[in-house]
Structure formats: structure tokens, C-alpha cells
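It should be emphasised that the depicted structure is a prediction, and the values quoted were computed from it without experimental measurement. Side chains included, hydrogens not; waters and symmetry mates left out as well; all remaining heavy atoms used.
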Amino acid sequence: MLIYVLRALVKMAVTLLVIVTLVFFATRLSGNPVDFVLGEGITREDRELLIAYYGLDASIGSQYWRYLVSVFSGEFGLSFLERRPVSQIVLERAWPSLKLLLSAITFTLIVSVPLGILSAIYRTSIIGSVVMVIAFLGYAVPAFIIGILLVLIFGYTLNWLPVIGDGSALHFIMPTLAISGILVAAITRFTRNAMLDVLSQDYMRTARAKGLPEWVVILKHGLRNAAITLLSVIGLQIAVLAASGSVVVEAIFAWPGIGDLLVRSAILRDYPVLQFAVLSVAIVVIVINAAVDIAYAYADPRIRLSKG
């Protein structure tokens with residue numbers, strides 16, 4: 001098990017290095033950020049001074065090396081626009097994003113797991129068909145479309161829910177629903193498939209033969225054995241949500257989180273903030289994936305042995 005964990009950590013480090021490199025070079029493709037910071041009408045001397053101040057006059061190789069050194073030393077520089085440490089800016093946005101992420105995950109698990117179980121138990125009835133139709137619709141509609149529809153219906157037409165910010169519990173409803181659409185659909189479908197696999201097993205028939213109540217058979221014997229498969233699926237879906245699912249939704253609802261910060265930094269070419277924000281999200285995703293992989297291998301030794 002120790003060797004398996006060490007291999008997972010090495011993969012994390014390599015993946016992180018690749019992401020850091022891609023982010024650095026991708027941000028440089030959009031042009032010089034100094035032009036956005038100063039705008040029009042500046043003198044050539046002022047422009048050159050600012051370029052030199054931020055080290056943008058050096059070669060791309062020198063900039064990349066300095067960036068790697070800063071990443072591993074924990075010094076991520078100052079924002080081009082706010083003139084503040086980028087770590088401070090990103091950390092201020094982390095808590096709102098985390099709250100929204102937890103809200104979406106909680107709602108997803110409460111809704112999708114019971115729906116998946118019901119659609120597996122009543123797979124030949126109208127209940128199972130309706131659940132799967134809803135799941136496929138949720139899987140087909142992107143999060144930003146759901147978000148825009150919610151804003152138009154409940155924000156502007158009915159005026160039931162606030163559209164912008166995170167000031168109250170009501171502000172969580174529409175962003176949570178927008179983010180959770182694809183998650184609920186995916187986990188419902190995988191829960192159904194996992195439950196269908198275990199419902200036909202011999203130990204389920206044995207449990208029923210012992211006279212156990214049906215809900216005990218389903219939850220204790222069925223869901224517990226299906227949980228090994230669901231663990232990886234839920235973990236991967238959460239990682240996808242942390243990586244990209246909330247970015248556009250936060251921008252739609254002006255949610256003061258990292259997703260909104262990423263969009264703003266990309267538009268304004270605030271390289272240091274954009275790089276650190278992407279790096280932070282990447283670390284979260286990599287850690288979640290590694291944790292799920294290790295937990296999955298720990299729960300099922302066959303996987304651990306097959307991967308060495």
C-alpha cells in the first residue's frame with residue numbers, strides 16, 4: 001500500500017508541473033498585460049518602466065524559470081491591477097467558492113443517490129423511466145444554460161430569488177441548482193447502474209431469504225456494496241465541479257469566488273492572479289483525484305495489486 005501511495009504522490013507532482021507549465025505559456029499568448037493596466041495615452045517611457053518592473057522584458061525562458069522558483073518558494077508576486085499579493089486575493093475568494101461547492105455537493109448527494117436507488121428498484125415502471133429521463137435532460141443541458149434560465153425565470157420574471165452576490169441563504173439556491181444539474185444526472189445514472197449490478201447478486205437473495213426488511217436489504221447490503229464503485233464516480237465528479245463547473249456559474253451570478261476571479265483575471269490579463277488561481281484549483285482537483293484513487297484501492301485490494 002505504501003508503494004501505491006508513493007506512486008500516486010509522484011503522479012500528483014508530475015501533473016502539477018505540467019499544469020504549471022501550461023498555465024504559464026497559455027497566459028502569455030494573449031498579449032502584454034501592461035497595455036490593459038495603463039490603457040491608452042501613456043508615454044513609451046512609462047510603458048517600458050512598467051514592463052521592466054514586472055520582469056516582462058526578460059526572455060520567455062527567464063520568466064518561466066522565475067515563475068517556477070516563485071511557485072516552489074511560495075512567493076507568487078503582486079496583482080497587476082490591485083497591487084496586492086495574489087495569494088491574499090485568491091484566499092479571499094476561496095471561502096465563498098468552498099461554501100458554494102459544499103452546497104452543491106450536499107444537494108447532489110441528497111437528491112441523486114435516492115433517485116438512483118429508486119430508478120434501479122423500479123426500473124421497469126414509470127418511476128424508473130421518469131427518473132432516467134430527468135437524469136438525461138440534466139446531463140444534456142450545460143450549467144450556464146441552467147443558470148441563465150434560472151435567472152430569467154426566478155430572478156427577473158417572478159422576482160422570487162436574488163440574482164447577484166452571496167449575502168443570504170436565498171443567494172445559494174440558483175447557483176447550487178445550476179452547478180448541480182449535471183452532477184445529479186451523472187451520479188443518479190451511476191448509482192442506478194451500480195445498484196442494478198448488486199441487486200442480482202446471491203447475497204441479496206440470501207438477505208431477503210432471512211426475512212430482513214426490504215429497506216435493510218437495499219441500504220445495508222445493496223448500497224454498501226455499490227458504494228465502492230460510487231466512491232470513484234462521486235470523487236471524479238466533485239473534481240470536475242471544482243475544476244470547471246463553478247467557473248461560469250460564479251460569473252453569471254457575480255458570486256465572489258475563485259471562478260469569478262478566474263474569468264475576470266483572464267479578461268484583464270492579470271497574469272499573477274490567473275496563474276495562482278488556476279494552480280490552486282489544480283491542486284484541489286489533483287488532491288481529490290489522488291484521495292479517491294487511494295481510497296478506492298484501499299477498499300478493493302484487487303485494484304491495488306493490479307496497479308502494482
Side-chain angles (χ1 to χ4, degrees), residues 2-3 5-39 42 44-98 101 239-240 242-244 246-247 250 256-291 293-294:
L2 178 60
I3 296 177
V5 173
L6 291 176
R7 287 184 178 179
L9 294 176
V10 171
K11 290 179 183 177
M12 288 174 56
V14 173
T15 304
L16 189 59
L17 179 61
V18 172
I19 291 174
V20 167
T21 303
L22 290 176
V23 170
F24 175 85
F25 287 102
T27 53
R28 265 64 183 176
L29 296 176
S30 60
N32 197 319
V34 171
D35 297 329
F36 276 75
V37 175
L38 294 181
I42 64 170
R44 181 178 179 180
E45 291 76 12
D46 290 339
R47 185 176 184 276
E48 291 178 352
L49 284 173
L50 195 59
I51 289 176
Y53 175 77
Y54 286 116
L56 299 174
D57 57 339
S59 66
I60 193 70
S62 299
Q63 292 183 48
Y64 175 65
W65 176 251
R66 285 202 300 266
Y67 176 60
L68 284 182
V69 172
S70 68
V71 167
F72 290 104
S73 63
E75 295 292 335
F76 297 95
L78 301 176
S79 166
F80 290 163
L81 299 175
E82 299 187 30
R83 307 293 199 278
R84 291 195 296 150
V86 297
S87 56
Q88 180 182 349
I89 296 173
V90 173
L91 288 176
E92 289 174 355
R93 299 292 195 106
W95 177 236
S97 287
L98 180 60
L101 179 64
V240 171
S244 61
S246 62
V247 173
E250 286 188 9
I258 294 179
D260 180 66
L261 180 65
L262 279 170
V263 175
R264 173 179 173 272
S265 301
I267 294 174
L268 299 177
R269 300 179 186 174
D270 197 347
Y271 290 167
V273 175
L274 179 61
Q275 290 169 169
F276 185 63
V278 173
L279 181 62
S280 302
V281 174
I283 290 174
V284 172
V285 173
I286 291 171
V287 169
I288 291 175
N289 281 333
D293 204 17
I294 292 172

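The side-chain heavy atoms of R84 and E92, taken from C-beta on, include a pair separated by under 4.5 Å. Put simply, the side chain of P256 reaches to within 4.5 Å of the side chain of P96, judged on heavy atoms.
Residues that satisfy the side-chain hydrogen bond (donor to acceptor under 3.5 Å, both in side chains) test with R264, not counting sequence neighbours, are absent from this structure. Residues passing the side-chain hydrogen bond (donor to acceptor under 3.5 Å, both in side chains) test with Q88: none are found, sequence neighbours excluded. Residues passing the ring pair (Phe, Tyr, Trp, His ring centres under 6.0 Å) test with F24 are Y64, Y67, sequence neighbours excluded. A search for side-chain hydrogen bond (donor to acceptor under 3.5 Å, both in side chains) contacts involving S265 returns nothing, not counting sequence neighbours. In this structure, T15 has no side-chain hydrogen bond (donor to acceptor under 3.5 Å, both in side chains) partners at least two apart in sequence or on a different chain.
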List, one per line, each side-chain donor-acceptor pair under 3.5 Å for residues 276-285, sequence neighbours excluded.
unit_1 : atom_1 : unit_2 : atom_2 : d
S280   : OG     : F276   : O      : 2.8

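Separation of atoms CG (D270) and CD (E82) is listed at 7.5 Å; rounding is to 0.5 Å. Taken from OG1 in T21 to CG in L68, the straight-line distance is 6.0 Å, to the nearest 0.5 Å. Within the model, atoms CD of E250 and CG of L101 stand 9.5 Å from one another, a figure rounded to the nearest 0.5 Å.
Listed for the S79 side chain is no donor-acceptor partner under 3.5 Å among the backbone atoms of V273.
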